[in-house]
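Just so we're clear, the structure is a prediction, and the values are computed from it rather than from any experiment. Lettering of chains follows the sequences in order, A, B, ..., and the numbering in each one begins at 1.
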Amino acid sequence: MIQELSRYAQQVLFKPIGIDNQKTLMKSYAIVIGCGALGSVSSSYLARAGIGHIRIIDRDFIEESNLQRQILFDEDDMRNNLPKAIVAQKKLKTINSHINIEGIVTDVNHTNIEDLVHGADIILDGTDNFETRFLLNDVCVKKSIPWIYAACLGSKGLTMNIVPSTTPCLRCVFESLPKTGTFPTCNTAGIIGPIASVIASIQVTEAFKILIKDFKSLNKTLFEIDVWDTKFKQIDVGELRSENNCQTCRLNKYEFLEAKDGVLTTLLCGKNAIQVTYRNAGDTNIAQLAQRLRSTLDVSCNEFMLRFTVNGFGFTVFPDGRAIITGTDDKNTAKSLYAKYLGM
Amino acid sequence: MLITVNDEQKECSPGTSIADLLENLGIDKRYVAVERNHKIIPRTQFSEIQLLESDNLEIVTFVGGG
């Protein structure tokens with residue numbers, strides 16, 4: 001323990017932390033959902049700070065256009081078609097070998113989120129869509145797990161702490177899920193790397209405060225910063241908890257968590273692609289599937305995924321049964337393509 | 001009358017509610033947090049509250065990227 005503590009000497013010297021709180025951090029369990037621009041930064045700081053157990057969940061593989069801002073990844077990772085969660089786990093272990101780091105390659109949805117977040121002391125939002133954030137809000141309010149909303153676009157970022165039973169929840173502030181295509185995305189409005197680092201840094205600082213229970217110092221506002229205009233705002237949202245009759249934290253209706261649909265489709269941010277998840281897919285044996293499809297299609301695969309193209313539609317299929325279908329932005333077309341080539 | 005919205009001065013007619021202002025700006029009220037003179041306004045009051053001369057509004061819009 002003494003040897004381990006010495007690597008955190010400067011953090012321990014920082015008065016609000018000190019030795020006892022450092023020990024608390026070393027016993028804490030944090031989950032990062034989404035390991036893109038935000039998750040790269042937040043998971044790095046959590047690991048360096050010695051958070052004892054870190055789980056990183058992400059469904060994506062590293063692409064060239066990620067490297068501009070997703071600072072955990074490099075060109076080799078991209079060339080090797082590696083999943084972000086696995087690369088994050090591997091790199092963070094070389095940074096801090098004293099902590100437990102788990103990378104999980106899966107899509108977070110209503111079928112698996114309760115299991116995935118079980119036992120967490122805190123969850124850090126690194127997702128890239130509204131839907132997963134509402135789902136995360138549902139599960140955290142239901143299971144009383146603190147989470148920190150964080151999002152960025154262009155040069156602007158937002159963050160807010162959600163401590164169930166204490167602060168307003170995400171839905172107290174933002175009423176409902178924006179319709180597909182009504183909001184700009186990173187693919188339509190672009191993003192510069194520094195905003196993700198700024199927002200994730202604030203998010204991790206708030207996570208330290210929550211983990212060591214320094215609730216007095218906790219930021220109680222919706223915080224917005226624009227690093228291009230060099231402007232920031234803090235809106236005290238505390239009163240919204242009692243004012244708005246929130247579906248989630250006042251009426252305990254978990255609309256996103258209790259979704260009944262067996263087939264989930266998600267339009268992927270500006271990519272002309274749909275992700276299809278089938279609730280009862282179970283584990284897919286990639287090698288067997290490849291063998292089956294090879295009789296009629298040109299299939300390429302590794303242990304993490306399988307790819308093929310048919311009639312202009314590109315399929316990427318993962319071991320958790322999930323598929324990303326490119327060449328369409330229509331959910332029903334994607335569902336029927338999934339059914340046609342992969343079965344349900 | 002003159003009001004300030006996110007640090008910019010804007011002209012608006014007396015009797016304009018927060019809901020009217022958001023509609024004029026093309027902002028969907030379900031996806032914003034609005035502060036008027038440093039006080040958060042619950043969305044249930046957006047239609048009731050009429051803006052006054054020199055009101056200072058901060059509007060923060062939901063962001064989904066990451």
- prompt: By a 4.5 Å heavy-atom criterion (distance strictly below it), what part of A/Phe223 contacts chain B: side chain, backbone, both, or neither?
  reply: neither
query: Would you say A/Ile148 and A/Ile202 make side-chain contact, with heavy atoms under 4.5 Å?
result: no
field: pair A/Phe256-A/Thr248: side-chain heavy atoms closer than 4.5 Å
entry: no
message: Can you tell me which of A/Arg69, A/Gln70, A/Glu239, A/Lys156 forms the most heavy-atom pairs within a distance under 4.5 Å of chain B?
response: A/Glu239
query: Given that the side chain runs from C-beta out, which part of A/Ile195 has a heavy atom under 4.5 Å from chain B: side chain, backbone, both or neither?
result: neither
query: Does a donor on one side chain and an acceptor on the other come within less than 3.5 Å for A/Trp147 and A/Asp125?
result: no
Beyond-backbone contact of B/Leu21 with B/Ile3, side-chain heavy atoms, under 4.5 angstrom: yes
- prompt: A/Ile62 versus A/Leu67: any side-chain heavy-atom pair under 4.5 Å?
  reply: yes
- prompt: Is the count of non-hydrogen atoms from other residues, nucleotides or ligands lying under 6.0 Å from B/Glu11 atom CD greater than 12?
  reply: yes
message: Can you classify the ring geometry of A/Tyr149 versus B/Phe62 as parallel (below 30°), tilted (30 to 60°) or perpendicular (above 60°)?
response: tilted
field: Heavy-atom pairs under 4.5 Å with chain B, option from A/Gly154, A/Ala196, A/Gly126, A/Cys172 with the top count
entry: A/Cys172
query: Just wondering, do A/Leu153 and A/Ile191 contact through their side chains at under 4.5 Å, heavy atoms?
result: no
message: Would A/Thr106 and A/Arg59 count as a side chain to side chain contact (heavy atoms under 4.5 Å, CB included) here? Give the steps.
response: CA-CA 5 Å; A/Thr106 194; A/Arg59 65 186 178 203; over 6 Å; no
task: Give the member of A/Gly157, A/Gly36, A/Ser176 that has the highest number of heavy-atom pairs under 4.5 Å with chain B.
output: A/Ser176
- request: Flag the pair A/Leu136 / A/Ile33 as yes when at least one side-chain heavy-atom distance between them is below 4.5 Å, and no otherwise.
  value: yes
message: Counting only non-hydrogen atoms closer than 4.5 Å, can you tell me which residues of residues 229-236 of chain A sit against chain B?
response: A/Lys231, A/Lys233, A/Gln234, A/Ile235, A/Asp236
query: Out of A/Ile145, A/Leu124, A/Ile123, A/Ile56, which residue meets the side-chain contact (heavy atoms from CB on, under 4.5 Å) rule with A/Ile31?
result: A/Ile123
Chain B contact via A/Ala37 - which portion, at a heavy-atom distance below 4.5 Å: both
query: Looking only at heavy atoms, which of residues 43-59 of chain B get nearer than 4.5 Å to chain A?
result: B/Arg43, B/Thr44, B/Gln45, B/Glu58, B/Ile59
- line: Applying a strict 4.5 Å limit to non-hydrogen atoms, the region of B/Lys39 in contact with chain A is side chain
query: Which region of B/Asp28, side chain (C-beta onward) or backbone (N, CA, C, O), has a non-hydrogen atom less than 4.5 Å from a non-hydrogen atom of chain A, or is it both or neither?
result: neither
Gap separating the NE2 atom of A/His110 from the CD atom of A/Glu131, nearest 0.5 angstrom: 10.5 Å
- request: Heavy-atom distances under 4.5 Å only: say whether A/Arg171 touches chain B with side chain, backbone, both or neither.
  value: backbone
message: Measuring only between side-chain heavy atoms, which start at C-beta, is A/Leu218 closer than 4.5 Å to A/Glu206?
response: yes
message: If you define the side chain from C-beta out and look only at heavy atoms, does anything of A/Leu72 sit under 4.5 Å from A/Leu92?
response: yes
- prompt: For A/Thr127, is it the side chain, the backbone, both or neither that has a heavy atom under 4.5 Å from a heavy atom of chain B?
  reply: backbone
